[in-house]
Peer 1: 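Just dropping this structure here.
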Amino acid sequence: MIFTYPEINKIFDTECKKINALVIEHPKLLYRLLSDIQSQMEGDEGKAVLSEKHKIIPIRKKLELLTQFVPFDLNKKNIVHSICSRIEKNAMEGEWYERTMRLMTELETLLYDTSFSLPGGIDFPKININTILKSAGVEIREDQESLCEKILDYMELVNEYEEEKLFLIVNLRSYVDDGEMSYFFDTLLRKHYHAIIIDSSEHIALSNEERFIVDSDFCEIS
């Protein structure tokens, strides 16, 4: 994927052999860039452009802006919904169909039996795999040892249950040491994830990053 912003004279191509790292030391420029992206993610127009194979693609559908890491929640509503849809589809197909039907029949029988002595004609018209899943409270396990592992798992979930996206990750290096960050970059490259790392100040340059700096005077350094 290719990402551009008219106030920065750099084309960020995620197909390169290193991770794109953008340092923006001018606070107002950083704010304008992130505000533009967030605005487009909410459906408005903006200046930033995302493209793939020479075709412009909508930022709101194909980009994830990661700015909050404490807490960092894997259980995003849209991902959990997609997981439930996959489970429901599997449960109603092939080898699982018979077990699903048997389970729902047993559950319905249990509810009728336990409510038989109660006054009123009681029915349970909403017994299906969807309502069972909702009652089960489907959650993604969050037992990762490090923040970077958690972010990598999140990226995998997004690509698997939504679609392949570009991840703009802001100021992560304020939370992660250089060794873990280098491992993170290596994993991004190995898994061919599309990512741009954005920071508001310089950190030690890593061998697996391609850094571009816009300093406080708007001078650009590559």
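Because the structure is a prediction, the values reported are computed rather than measured. Sequential numbering from 1 along the given sequence is applied to the chain's residues.
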Peer 1: If two hydrophobic side chains count as joined below 4.5 Å and joins carry through other members, does Leu189 share a cluster with Phe3?
Peer 2: no
Peer 1: With sequence neighbours left out, what residues match Glu164 under salt bridge (Lys or Arg N to Asp or Glu O under 4.0 Å)?
Peer 2: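 Result, salt bridge (Lys or Arg N to Asp or Glu O under 4.0 Å) vs Glu164: none returned.
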Peer 1: Could you check if a side-chain atom of Tyr175 sits within less than 4.5 angstrom of a side-chain atom of Val70, using non-hydrogen atoms only?
Peer 2: yes
Peer 1: Once rounded to the nearest 0.5 Å, what's the spacing between atom CD of Glu162 and atom NZ of Lys61?
Peer 2: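 Answer for the CD-NZ pair, Glu162 versus Lys61, is 12.5 Å.
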Peer 1: Write down the atom of Glu210, the atom of Cys16, and the distance for their closest heavy-atom approach.
Peer 2: OE1-SG, 4.4 Å
Peer 1: Just by modelled atom types, is the Met1 backbone N or O under 3.5 Å from a matching donor or acceptor in the Thr14 side chain?
Peer 2: yes
Peer 1: Applying salt bridge (Lys or Arg N to Asp or Glu O under 4.0 Å), can you list everything that pairs with Arg99, at least two apart in sequence or on another chain?
Peer 2: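 Scan of Arg99 (salt bridge (Lys or Arg N to Asp or Glu O under 4.0 Å), adjacent residues dropped) gives none.
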Peer 1: Run through the side-chain heavy atoms of Ile, Leu, Val, Met, Phe, Trp and Tyr, join any pair under 4.5 Å, and report what else lands in Ile213's cluster.
Peer 2: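 In the cluster with Ile213 are Val23, Ile221.
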Peer 1: Strictly by modelled atom types, are Asn159 and Glu163 linked by a side-chain donor-acceptor pair under 3.5 Å?
Peer 2: no
Peer 1: Using modelled atom types and a 3.5 Å cut-off, is there a donor and acceptor pairing between side-chain atoms of Asp215 and backbone atoms of Asp217?
Peer 2: yes
Peer 1: Out of curiosity, does Leu34 fall in the hydrophobic cluster containing Val214 (side-chain heavy atoms, cut-off under 4.5 Å, transitive links)?
Peer 2: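 Same cluster.
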Peer 1: Between Glu42 and Arg60, is the closest basic N to carboxylate O distance under 4.0 Å?
Peer 2: no
Peer 1: Does atom CD (Glu98) have a neighbourhood of more than 12 heavy atoms from anything else shown, all under 6.0 Å?
Peer 2: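 No, not enclosed.
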Peer 1: Between Ile83 and Ile140, is the side chain to side chain contact (heavy atoms under 4.5 Å, CB included) condition met? List the steps.
Peer 2: CA-CA 9 Å; Ile83 291 172; Ile140 300 160; 3.8 Å; yes
Peer 1: Taking everything shown except Phe212 itself, do over 12 heavy atoms lie less than 6.0 Å from its CZ?
Peer 2: yes
Peer 1: Give the cluster check for Leu63 versus Met155: same hydrophobic cluster or not, with ILVMFWY residues linked at side-chain heavy-atom distances below 4.5 Å.
Peer 2: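 In one cluster: no.
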Peer 1: Given side-chain hydrogen bond (donor to acceptor under 3.5 Å, both in side chains), test Glu156 with Tyr193 step by step and report yes or no.
Peer 2: CA-CA 9 Å; Glu156 183 177 13; Tyr193 289 159; 4.7 Å; no
Peer 1: Tell me who clusters with Ile11, hydrophobic residues only, linked when side chains sit under 4.5 Å apart either directly or through other members.
Peer 2: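 Ile11 shares its hydrophobic cluster with Ile2.
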Peer 1: Any chance you could measure Ile151, atom CD1, to Phe167, atom CZ, to the nearest 0.5 Å?
Peer 2: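 Rounded to the nearest 0.5 Å, the CD1-CZ separation comes to 10.5 Å.
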Peer 1: Among Leu33, Leu168, Leu30, Val170, find the residue that satisfies the side-chain contact (heavy atoms from CB on, under 4.5 Å) test when tested with Leu22.
Peer 2: Leu33
Peer 1: Between the side chains of Glu15 and Lys53, is the shortest nitrogen-to-carboxylate-oxygen separation below 4.0 Å, so that they form an ion pair?
Peer 2: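 Salt bridge absent between Lys53 and Glu15.
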Peer 1: On a heavy-atom basis, which atom in Pro6 and which in Ala48 lie closest, and how many Å separate them?
Peer 2: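 Heavy atoms of Pro6 and Ala48 come nearest at CD-N, 4.5 Å.
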Peer 1: Do Asn171 and Phe69 have side chains that get closer than 4.5 Å, going by heavy atoms?
Peer 2: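 Contact flag for Asn171/Phe69 side chains = no.
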Peer 1: Is there a path of hydrophobic side-chain contacts, each under 4.5 Å between heavy atoms of I/L/V/M/F/W/Y residues, joining Leu66 to Leu166?
Peer 2: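 In one cluster: no.
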Peer 1: Do Glu202 and Arg211 come close enough that some side-chain heavy atom pair is under 4.5 Å?
Peer 2: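 Side chain of Glu202 against side chain of Arg211, heavy atoms only: contact under 4.5 Å found.
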Peer 1: Is the backbone N or O of Leu50 less than 3.5 Å from a side-chain atom of Lys62, with the two atoms forming a donor-acceptor pair by type?
Peer 2: no
Peer 1: Salt bridge check: are Lys18 and Glu209 linked by an N-O gap of less than 4.0 Å?
Peer 2: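 Glu209 and Lys18: not salt-bridged.
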Peer 1: Side-chain heavy atoms under 4.5 Å apart, restricted to Ile/Leu/Val/Met/Phe/Trp/Tyr: what other residues fall into the cluster of Val49, or is it alone?
Peer 2: Ile56
Peer 1: If you count the non-hydrogen atoms of other residues, nucleotides and ligands that lie under 6.0 Å from OH in Tyr97, is the total more than 12?
Peer 2: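 It does not: Tyr97 OH has 12 such atoms or fewer within range.
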Peer 1: Are Met41 and Phe12 connected in a single hydrophobic cluster, I mean Ile/Leu/Val/Met/Phe/Trp/Tyr linked by side-chain heavy atoms less than 4.5 Å apart?
Peer 2: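 Same cluster: Phe12 reaches Met41 through Ile, Leu, Val, Met, Phe, Trp or Tyr contacts under 4.5 Å.
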Peer 1: Decide yes or no for Ile197 and Phe184: does some side-chain heavy atom of the first lie under 4.5 Å from some side-chain heavy atom of the second?
Peer 2: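 Yes - at least one pair of side-chain heavy atoms lies under 4.5 Å apart.
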Peer 1: To the nearest 0.5 Å, how far apart are OG in Ser146 and CD in Glu180?
Peer 2: 4.0 Å
Peer 1: Keeping the roles fixed (side chain from Gln40, backbone from Gly43), state whether a donor-acceptor pair exists under 3.5 Å.
Peer 2: no
Peer 1: Would you say OH of Tyr31 has more than 12 non-hydrogen atoms from neighbouring residues, nucleotides or ligands within 6.0 angstrom?
Peer 2: no
Peer 1: Is Glu220 paired with Lys10 through a side-chain N to carboxylate O contact shorter than 4.0 Å?
Peer 2: no
Peer 1: Return the CG to CG distance between Asn20 and Asp13, rounded to the nearest 0.5 Å.
Peer 2: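 One gets 7.5 Å once the value is rounded to the nearest 0.5 Å.
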Peer 1: Under 4.5 Å between any side-chain heavy atoms of Gln144 and Leu74, yes or no?
Peer 2: yes
Peer 1: Just verifying a value: how many Å separate Met92 CE and Asn128 CG, rounded to the nearest 0.5 Å?
Peer 2: 8.5 Å
Peer 1: Show me the side-chain donor-acceptor pairs of residues 102-123 shorter than 3.5 Å, one per line, residues at least two apart or across chains.
Peer 2:
from	atom 1	to	atom 2	distance (Å)
Thr105	OG1	Met101	O	2.9
Thr109	OG1	Thr105	O	2.8
Tyr112	OH	Asp123	OD1	3.0
Thr114	OG1	Leu110	O	2.9
Thr114	OG1	Leu111	O	3.2
Ser115	OG	Leu111	O	2.7
Ser115	OG	Tyr112	O	3.3

Peer 1: Rounded to the nearest 0.5 Å, how far apart are CG of Asn75 and CD of Glu142?
Peer 2: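 Asn75 CG to Glu142 CD: 5.0 Å, rounded to 0.5 Å.
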Peer 1: What are the two closest heavy atoms between Val138 and Cys84, and how far apart are they?
Peer 2: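 It is CG2-SG, 3.7 Å.
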Peer 1: I'd like to know if Arg86 pairs up with Glu160 as an ion pair, taking the criterion as any Lys NZ or Arg NE/NH1/NH2 lying under 4.0 Å from an Asp or Glu carboxylate oxygen.
Peer 2: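 The answer is yes: the pair qualifies as a salt bridge.
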Peer 1: Let me see the working for Leu206 and Arg173 under side chain to side chain contact (heavy atoms under 4.5 Å, CB included), right down to the final yes or no.
Peer 2: CA-CA 12 Å; Leu206 302 176; Arg173 295 197 67 170; 3.9 Å; yes
Peer 1: Heavy-atom count around Glu45 CD within 6.0 Å, excluding the residue itself: above 12?
Peer 2: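 No.
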Peer 1: What's the verdict on side chain to side chain contact (heavy atoms under 4.5 Å, CB included) for Arg32 and Tyr5, showing C-alpha distance, side-chain angles and the deciding distance?
Peer 2: CA-CA 10 Å; Arg32 286 197 297 272; Tyr5 184 66; 3.7 Å; yes
Peer 1: Does the ring center of His26 lie less than 6.0 Å from the ring center of Phe218?
Peer 2: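 Centroid distance His26-Phe218: below 6.0 Å, so yes.
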Peer 1: Is any side-chain heavy atom of Asn208 closer than 4.5 Å to one of Leu188?
Peer 2: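 They are not in contact (no side-chain heavy atoms under 4.5 Å apart), so the answer is no.
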Peer 1: Using a 4.5 Å cut-off on heavy atoms from C-beta on, say whether the side chain of Val158 contacts that of Lys76.
Peer 2: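 Counting from C-beta outward, Lys76 and Val158 never come under 4.5 Å.
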